[in-house]
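What follows is a short report on a single structure.
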Amino acid sequence: EKAIEIIDLKKKYANRVEALKGISFSVEKGDFIALLGPNGAGKSTTIGVICSLVNKSSGTVKVFGHSIDSELEAAKRCIGLVPQEFNFSQFETCRQIVVTQAGYYGVTRAVANERAEKILKQLALWEKRDTQARELSGGMKRRLMIARALMHEPKVLILDEPTAGVDIEIRRSMWEFLTKINKQGTTIVLTTHYLEEAEQLCRNIAIINHGEIIENTTMKDLISRL
Ligand code: ADP
Ligand code: ADP
């Protein structure tokens with residue numbers, strides 16, 4: 001089963017920048033894949049299109065078989081997105097932030113409260129449950145973004161540069177957590193510009209440059225050729 005299927009995806013922004021020049025790749029269910037490439041390569045645009053935050057110019061995108069054109073709600077429900085920038089309300093507490101998110105997906109209050117406890121504990125944020133977002137450290141904010149993305153139990157977790165600007169200790173604990181939830185069945189797609197991060201974490205890799213996929217293979221194969 002394919003978690004994500006992208007065929008001949010193109011994106012030209014209003015300023016005429018061709019961010020994606022017809023990319024195709026797919027992500028199998030249960031996979032852990034890195035989309036690797038330098039700044040400006042088209043990684044965020046790709047993620048933006050998959051999550052319907054950016055309008056594509058042409059091409060096909062399916063999430064667990066649901067086309068983002070004809071079955072947007074079903075496609076969105078499958079996805080948990082961890083954006084690059086913190087975008088939660090600074091004056092809400094950790095618990096409020098994750099419970100509110102679950103509400104957007106129709107999760108009942110009782111279930112949301114239970115899930116919030118489980119997920120905040122897994123991400124070592126339970127002690128901070130009543131702390132406002134603005135008082136959290138950078139690493140805690142990153143973990144809160146992940147917690148929030150998991151509240152509707154998405155089938156695929158998509159993370160845009162999850163460890164950018166994060167120190168090595170926090171990075172390692174995030175890697176551990178992502179590996180664990182992948183083993184438990186969540187498909188994971190992350191963008192990064194560190195080969196080391198892709199190597200540590202991912203089974204497969206797609207390398208993007210100037211809006212084109214230039215490699216799409218297993219991590220093992222890529223490393224053996226370096
Ligand atoms: P579109 O409507 O083509 O999807 P957006 O609404 O995303 O484009 O962006 C509108 C405008 O914002 C762009 O035309 C551009 O001028 C500007 N812009 C935003 N982000 C960037 C960026 N990273 N690089 C260049 N221009 C940007
Ligand atoms: P990456 O995530 O790999 O750094 P992006 O997808 O952000 O790459 O950007 C790909 C290209 O599209 C870059 O040239 C960038 O400047 C341009 N771009 C990104 N967002 C916009 C936008 N909203 N409007 C115009 N150009 C953009």
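Order of appearance sets the numbers: ligands from 1, and atoms from 1 within every ligand. Position 1 is the first residue of the sequence, and the numbers go up from there.
With hydrogens and angles disregarded, no donor-acceptor distance shorter than 3.5 Å links the side chain of Lys21 to the backbone of Lys10.
Note on Arg129 versus Glu117: no salt bridge recorded, every NZ/NE/NH1/NH2 to OD/OE distance being 4.0 Å or above. The pair Glu176-Arg172 does not count as a salt bridge, with every side-chain nitrogen at least 4.0 angstrom from each carboxylate oxygen.
Take His152 and apply the ring pair (Phe, Tyr, Trp, His ring centres under 6.0 Å) test, not counting sequence neighbours, and it matches Tyr105. For the side chain to side chain contact (heavy atoms under 4.5 Å, CB included) test, residues two or more places apart in sequence or in another chain that qualify with Asp167 are Glu169, Ile170.
Not close to ligand 2: Gly37, with no non-hydrogen atom less than 4.0 angstrom away. Assignment of Pro38 to the shell around ligand 2 is supported, since a heavy atom sits closer than 4.0 Å.
When Leu20, Asn15, Leu36, Val17 are checked for heavy-atom proximity to atom 17 (C) of ligand 2, Val17 turns out nearest.
Applying the 4.0 Å criterion to heavy atoms of Asn39 picks out, from ligand 2, the atoms 4 (O). Each of the atoms 1 (P), 2 (O), 6 (O), 7 (O) of ligand 2 lies under 4.0 Å from some heavy atom of Ser44. Which parts of ligand 2 touch Ala41 is read off a 4.0 Å heavy-atom cut-off, strictly below it: atoms 1 (P), 3 (O), 8 (O).
Taking any N or O of Ala19, backbone or side chain, none lies under 3.5 Å from an N or O belonging to ligand 2.
Checking Ser44 against Asp160 by side-chain atom types alone, a donor-acceptor pair falls below 3.5 Å.
The backbone and the side chain of Thr45 each have at least one atom closer than 4.0 Å to an atom of ligand 2 (non-hydrogen atoms only).
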